Amino acid sequence: MYHFLQERLARRVLEYLERRYPGVSLPQVVIEQPPNVRLGDFAIPMFPFAKPLRSAPLKISEAIRTEIGAIDGIAEMTVAPPGYLNVRIDRVWLAAALAKDDEPQAQAASGKILVEHSSINPNKAAHIGHLRNAILGDTFVRLLRNAGREVDVQNYIDNTGVQVADVVVGFLHLEKKSSAEIATLIAKPRFDYYCWDLYARVSQWYAEDKQHLRMRAEVLHGIEAGNNEIAATADLIATAVLRRHLETMDRLDIEYDFLPRESEILHLHFWQAAFAKLKEAGVLTFEDEGKNKGCWVMRRAGTAKVNDSPGKLDDVLTHMGTSEGLGDRPSEIAEEDQKVIVRSNGTVGYVGKDIAYHMWKFGLLGRDFGYRRFYRYPNQHECWISTTDGEKNHPHFGGVTEIYNVIDARQSEAQSTVIEALRELGHDEAADHYTHFSYEMVALTPRCAAELGYELSAEDRSRSYIEVSGRKGFGVKADDLLDRLIASAKAEVDSRHPQMPDSDRQTIATQIAIGALRYFMLKYTKQSVIAFDFKDALSFEGETGPYAQYAVVRANSIFRKAEIDPESYATTASREIKSSNVTQYLAESDEIWELWQASSKTSYVVDQCICTTEPAYLAKHVFQLAQLFNTFYHHHPILTEPDEARKKFLLATVFVVRRELIRALSIMGITVPPVM
RNA sequence: GGGCGCGUAGCUCAAACGGAUAGAGCAUCGGAUUUCUAAUCCGAGGGUUGCAGGUUCGAUUCCUGCCGCGCCUACCA
């Protein structure tokens with residue numbers, strides 16, 4: 001609603017200026033929010049117009065104010081030094097629209113979107129870094145769906161890489177386990193924890209004697225070839241760990257639609273299809289000398305095409321139109337700028353596989369996976385997995401118009417290389433709709449590492465954070481964190497509601513724990529490295545998920561005590577807003593108005609989150625709403641309000657804030673307990 | 001060496017396109033009419049936004065150069 005008014009205002013201002021100053025090319029009308037509601041609801045800086053209109057900012061403001069005429073939903077405008085036009089929303093107009101919840105729906109863009117997230121190697125338990133990925137990805141999916149977009153959620157499974165090979169080596173050579181023994185271990189709960197430890201031990205074992213690495217090569221070869229004992233064992237292990245990952249993420253209400261696996265990319269020869277096209281288009285070049293002799297290479301993304309001196313720019317430009325300038329002959333890519341795609345032994349690296357996979361995503365490969373049902377969620381939602389020969393009837397995946405890959409910032413270069421390959425294949429459209437949703441890692445504070453019992457070097461102790469390492473078994477497992485959060489929340493609920501049945505307390509504790517965790521992972525902006533610390537993560541006070549949940553619980557209890565069903569209060573609320581006193585109520589309190597204004601912003605914030613791929617804005621919105629509500633709650637007793645009309649107005653306020661909080665929280669994947 | 005990113009209060013973080021007095025939470029200290037449950041609220045202290053220049057009506061934000069830190073830079077995935 002906020003955004004709707006904002007756009008209407010911008011359009012009207014622009015129309016006015018165009019009419020008043022015909023033929024002048026105008027800068028964009030920027031609408032911001034004044035630092036204080038007393039100044040107004042929108043602020044338009046007039047400075048950028050001063051030069052093109054050859055007039056002082058204050059004069060332009062004054063002209064707009066007096067001459068623009070009435071705008072539906074806008075109450076008044078004021079001119080503010082040094083050069084702003086401040087605009088007040090018609091409070092009753094907005095409140096009436098909000099109470100009715102009749103947000104004008106913008107036409108959602110068509111075309112299916114594919115969001116890929118999680119993509120955890122299926123060789124060990126998921127850790128907090130994976131949680132950040134999955135929570136960012138899942139929230140982004142919810143944001144897109146809230147905006148009316150159709151989304152497929154994929155979780156890419158690298159089941160044929162060295163990481164899986166390493167645990168297989170661990171089982172077969174380090175522990176010398178039989179297939180039957182492995183099967184027994186798989187059946188035990190939290191098999192992924194067993195692998196976590198084993199994986200760290202294998203890495204240690206390699207370090208002890210480099211000869212042991214031969215085992216890895218052997219196992220890896222077996223896995224890639226397929227149809228043998230080793231591949232079968234690897235598949236058994238990887239599949240079991242994958243199921244654990246799905247269970248872990250399901251605890252957080254994170255679900256997937258499709259799990260494409262690297263084994264099928266291999267066995268269905270996706271790469272061969274892509275390779276042919278890449279060679280044909282001249283994207284890859286064969287090196288016949290130098291360090292990468294015998295390899296097919298690509299130019300590393302971001303490196304300069306021409307390494308001549310800048311003075312020769314003119315020469316470069318004149319050559320660009322000719323065929324000589326297109327494509328890179330081996331000698332044209334400096335060795336350090338080469339990215340090996342196909343090794344000299346003929347095998348393809350992971351970037352190559354990724355290029356093929358992304359051609360499939362956009363429907364540009366000419367091949368498809370086989371599909372099989374894999375996992376049914378408790379809510380009956382079906383998750384599919386790739387196979388070589390699948391079920392006849394299956395949903396259609398791939399062939400989308402837009403993709404988002406939630407992958408941490410360390411993969412930026414590889415992601416750019418894939419995009420560059422698509423572009424050089426001539427698929428600019430696809431390349432333009434390929435977004436690397438990049439975020440920073442979760443690291444541990446030295447204090448947290450020490451708390452977990454890890455020995456730290458003096459150097460590590462002096463750092464502000466330390467990178468987690470699956471290879472060293474250094475990190476916090478996702479399920480462990482969740483267990484601790486639930487236990488901690490449970491203790492609180494137990495002390496607050498001792499009379500409640502234990503199963504109810506458990507349910508509430510779980511909701512609170514998930515709220516705390518999801519909020520924690522979303523409140524940081526993507527670029528910021530999260531220095532993980534149990535003290536912050538386990539906090540339920542201040543800027544946290546439970547704080548926001550608690551605000552809704554308070555709203556609910558007001559309705560409960562008033563014996564009103566909040567869900568069906570909408571018609572009453574919108575009727576109340578029309579009563580004559582509301583104008584006065586909204587005018588006399590900026591504090592209450594601010595609550596209405598903030599409530600109107602949800603869809604605006606959702607748009608912002610999507611176009612900047614930054615879910616943190618939504619967390620900030622939720623916190624601001626909850627904070628304003630708590631202040632309001634303290635200042636305005638509702639049930640004891642003697643003035644009946646005013647009481648109904650206050651109830652309508654609670655109704656709207658509650659609805660928007662629940663809406664925004666649900667986009668974050670957070671539900672609200674009945675009591676706290 | 002090259003590429004990307006970061007540096008803001010004691011700590012952890014905000015501040016969309018450059019905008020009005022740089023904001024929160026935590027921690028510390030001091031308070032809140034026994035109420036719609038205090039997982040809350042109010043108040044206080046705490047800042048030369050790493051350093052030095054530049055661009056302009058205006059810079060935490062953009063540019064240049066330093067200083068410090070992180071990540072990437074494999075015929076690993």
Side-chain angles (χ1 to χ4, degrees), chain A residues 28 30 32 34-36 39 43 45 47-48 50 57 80-84 86 121 158 160-165 216 220 262 287 291-297 300-303 336-345 347 349-351 353-354 408-414 416 438 440-441 443 445 463-465 467 489 492-493 496-497 512 516 523-525 527-531 533 535-536 539-544 546-547 549-551 553-562 608 611-612 614 616-617 620 623-624 626-627 630-631 633-641 650 654 675-676:
Chain A
Q28 223 193 331
V30 174
E32 346 181 296
N36 193 312
L39 294 169
F47 312 102
Y84 293 97
N86 287 339
N121 278 309
D158 177 10
T160 60
V162 286
Q163 301 222 28
V164 168
R216 171 199 272 180
L220 195 54
E262 186 153 285
E287 288 294 310
K291 179 169 77 102
N292 296 325
K293 184 176 176 182
C295 300
W296 287 88
V297 305
R300 194 182 296 289
T303 59
E336 64 270 22
D337 292 345
Q338 293 172 5
K339 176 77 195 165
V340 172
I341 305 298
V342 181
R343 303 180 193 111
S344 57
N345 66 4
T347 59
Y350 89 106
V351 175
K353 284 178 258 188
D354 224 21
D408 79 60
R410 287 171 290 197
Q411 300 271 7
S412 303
E413 194 182 276
S416 305
S438 171
E440 270 295 347
M441 62 185 173
T445 60
R463 295 174 197 270
S464 57
Y465 56 81
E467 190 173 358
E492 287 291 329
V493 179
R496 286 158 204 253
H497 304 283
I512 292 169
K523 76 173 177 181
Y524 299 91
T525 52
Q527 300 281 39
S528 149
V529 175
I530 297 182
D533 200 315
K535 179 177 131 315
D536 297 331
S539 168
F540 298 147
E541 287 163 21
E543 195 192 342
T544 65
Y547 176 90
Q549 289 171 315
Y550 188 62
V553 167
R554 284 179 144 177
N556 283 339
S557 72
I558 293 171
F559 280 106
R560 195 174 50 246
K561 283 269 165 79
Q608 292 295 307
C611 68
T612 57
E614 181 52 274
Y617 294 141
K620 292 279 176 268
F623 181 59
Q624 198 208 348
Q627 213 174 22
N630 278 329
T631 307
Y633 178 90
H634 271 267
H635 292 176
H636 304 278
I638 294 166
L639 299 181
T640 53
E641 170 62 47
L650 293 175
V654 177
V675 295
M676 280 177 79

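Please read all numbers here as calculations on a predicted model, not as lab measurements. By convention in this document, chain letters (A, B, ...) are assigned in the order of the sequence lines, proteins followed by strands, and residues within each chain are numbered from 1.
- Phosphate contact (OP1/OP2 of A74(B), side-chain N/O of Tyr350(A), threshold under 4.0 Å): absent.
- Contact annotation for Val30(A): base contact, defined as any heavy-atom pair under 4.0 Å involving a base atom.
- A pairwise comparison of heavy atoms in Ser344(A) and Lys293(A) identifies CB-O, 3.7 Å as the closest pair.
- Among the protein residues, Asn86(A) comes within range of the nucleic acid bases, having at least one heavy atom under 4.0 Å from a base atom.
- Partners of Lys339(A) by side chain to side chain donor-acceptor pair (under 3.5 Å), not counting sequence neighbours: none found.
- Taking the C1' atoms as reference points, C11(B) lies 36 Å from U56(B), given to the whole Å.
- Looking at Glu32(A), its side chain comes within 3.5 Å of the base of C17(B) through a donor and an acceptor atom.
- Residue Pro82(A) comes nearest to Pro57(A) through the heavy atom pair O-CB, 4.4 Å, listed as atom of the first residue, atom of the second, then distance.
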For nucleotides 56-63 of chain B, print each protein N/O atom paired with a nucleotide N/O atom at under 3.5 Å, atom names and distance only.
none

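- Distance from the side chain of Ala531(A) is smallest for C13(B) among the nucleotides U37(B), A20(B), C13(B).
- Proximity of Asn630(A) to the phosphate of U40(B): no side-chain N or O atom is located under 4.0 Å from OP1 or OP2.
- At the phosphate of U37(B), OP1 or OP2 sits under 4.0 Å from a side-chain N or O atom of Lys561(A).
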Query raised in the report: Going through the checks in order, is the side chain to side chain contact (heavy atoms under 4.5 Å, CB included) test met by Arg554(A) and Asn630(A)?
Result: CA-CA 9 Å; Arg554(A) 284 179 144 177; Asn630(A) 278 329; 2.7 Å; yes

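- Of the P atoms belonging to A52(B) and U61(B), the separation is 13 Å, rounded to the nearest Å.
- Here the rule is side chain to side chain donor-acceptor pair (under 3.5 Å) with Glu543(A), and of Lys620(A), Gln627(A), Lys523(A) only Lys620(A) fits it.
- Within 4.0 Å of Tyr633(A), counting heavy atoms only, lies at least one base atom of the nucleic acid.
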Query raised in the report: So what is the 5' to 3' dot-bracket string for RNA chain B, if pairs are Watson-Crick or G-U wobble with both distances under 3.5 Å, crossing pairs use [ ] and | means the partner sits on another strand?
Result: (((((((..((((.....[...)))).(((((.......))))).....(((((..]....))))))))))))....

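- Listed nucleotides: U37(B), A39(B), C75(B). Nearest to the side chain of Val675(A): U37(B).
- One atom, CD1 of Ile558(A), and another, P of U37(B), lie 8 Å apart when rounded to the nearest Å.
- Under the 4.5 Å side-chain criterion, counting only non-hydrogen atoms from C-beta, Val529(A) is in contact with Met441(A).
- Using C1' as the reference atom, A22(B) and C13(B) are 14 Å apart when rounded to the nearest Å.
- For Cys295(A), counting side-chain heavy atoms from C-beta on, the closest listed nucleotide (A15(B), U40(B), C75(B)) is C75(B).
- Under the rule for a ring-ring contact (aromatic ring centres under 6.0 Å, His included), the partners of Tyr547(A) that lie at least two apart in sequence or sit in another chain are Phe623(A).
- Residue-level contact check: Gln28(A) touches neither bases nor backbone, having no heavy atom under 4.0 Å from any strand.
- Applying the ring-ring contact (aromatic ring centres under 6.0 Å, His included) criterion to Tyr524(A), with sequence neighbours excluded, gives Phe520(A).
- Closest of all the heavy-atom pairs between Gly161(A) and Asp158(A) is N-OD1, 3.2 Å.
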**Report entry** Reading 5' to 3' through nucleotides 22-29 of chain B, protein heavy-atom contacts under 4.0 Å coded B for base, S for sugar-phosphate only, - for none
**Finding:** --SSS---

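- Residue contacts shown for Ser528(A) are limited to sugar-phosphate atoms, with no base heavy atom under 4.0 Å away.
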Every protein N/O lying under 3.5 Å from an N/O of nucleotides 43-47 of chain B:
none

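- Contacts of Lys339(A) with the nucleic acid, taken as non-hydrogen atoms under 4.0 Å apart, are absent.
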Sub-3.5 Å pairs of nitrogen or oxygen atoms, protein against nucleotides 68-71 of chain B:
from: G70(B); atom 1: OP1; to: Arg463(A); atom 2: NH1; distance (Å): 2.7
from: G70(B); atom 1: O2'; to: Tyr465(A); atom 2: OH; distance (Å): 3.4
from: C71(B); atom 1: OP1; to: Glu467(A); atom 2: OE1; distance (Å): 3.3

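- Salt bridge annotation for Lys535(A)-Asp533(A): absent, with no cationic side-chain nitrogen under 4.0 angstrom from a carboxylate oxygen.
- Considering all non-hydrogen atoms of both residues, Ile512(A) and Ala489(A) come closest at CG2-CB, 3.9 Å.
- Mapping Arg496(A) and Thr631(A) onto RNA chain B via the closest heavy atom, the residue that lands nearer the 5' end is Arg496(A).
- Residue Leu650(A) holds its CG atom at 10.0 Å from CG of Leu639(A), rounded to the nearest 0.5 Å.
- Using P as the reference atom, C41(B) and G58(B) are 40 Å apart when rounded to the nearest Å.
- Closest heavy-atom contact between Thr160(A) and Leu220(A): O-CD1, 3.4 Å.
- Residues passing the ring-ring contact (aromatic ring centres under 6.0 Å, His included) test with Phe540(A), sequence neighbours excluded: none.
- Using a 4.0 Å heavy-atom criterion, one finds that Ser412(A) contacts no nucleic acid atom at all.
- Mapping Gly294(A) and Pro82(A) onto RNA chain B by nearest heavy atom places Pro82(A) closer to the 5' end of the strand.
- Nearest heavy atom pair, residue Thr544(A) against residue Ser539(A), reads CG2-O, 3.5 Å.
- Contact annotation: side chain of Asn292(A) to base of A74(B), donor-acceptor pair absent below 3.5 Å.
- Among residues two or more places apart in sequence or in another chain, the side chain to side chain contact (heavy atoms under 4.5 Å, CB included) test is passed with Glu614(A) by Thr525(A), Lys526(A), Thr612(A), Ala616(A), Tyr617(A).
- Distance alone, capped at 3.5 Å, is enough to place a donor-acceptor pair between the Ser412(A) side chain and the Ala409(A) backbone.
- Remark: the separation of the C1' atoms in G45(B) and G31(B) is 15 Å, to the nearest Å.
- In this structure, a donor-acceptor pair under 3.5 Å is present between the side chains of Gln338(A) and Asn292(A).
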Enumerate the protein-to-nucleotides 31-33 of chain B contacts in which both atoms are nitrogen or oxygen and the separation is below 3.5 Å.
none

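- A distance of about 28 Å separates the C1' atoms of U12(B) and C66(B), rounded to the whole Å.
- Using P as the reference atom, G53(B) and G70(B) are 28 Å apart when rounded to the nearest Å.
- The same atom, C1', is picked in G18(B) and in C57(B); the two are 12 Å apart, to the nearest Å.
- The side chain to side chain donor-acceptor pair (under 3.5 Å) check on Arg496(A) picks up Glu492(A), with sequence neighbours excluded.
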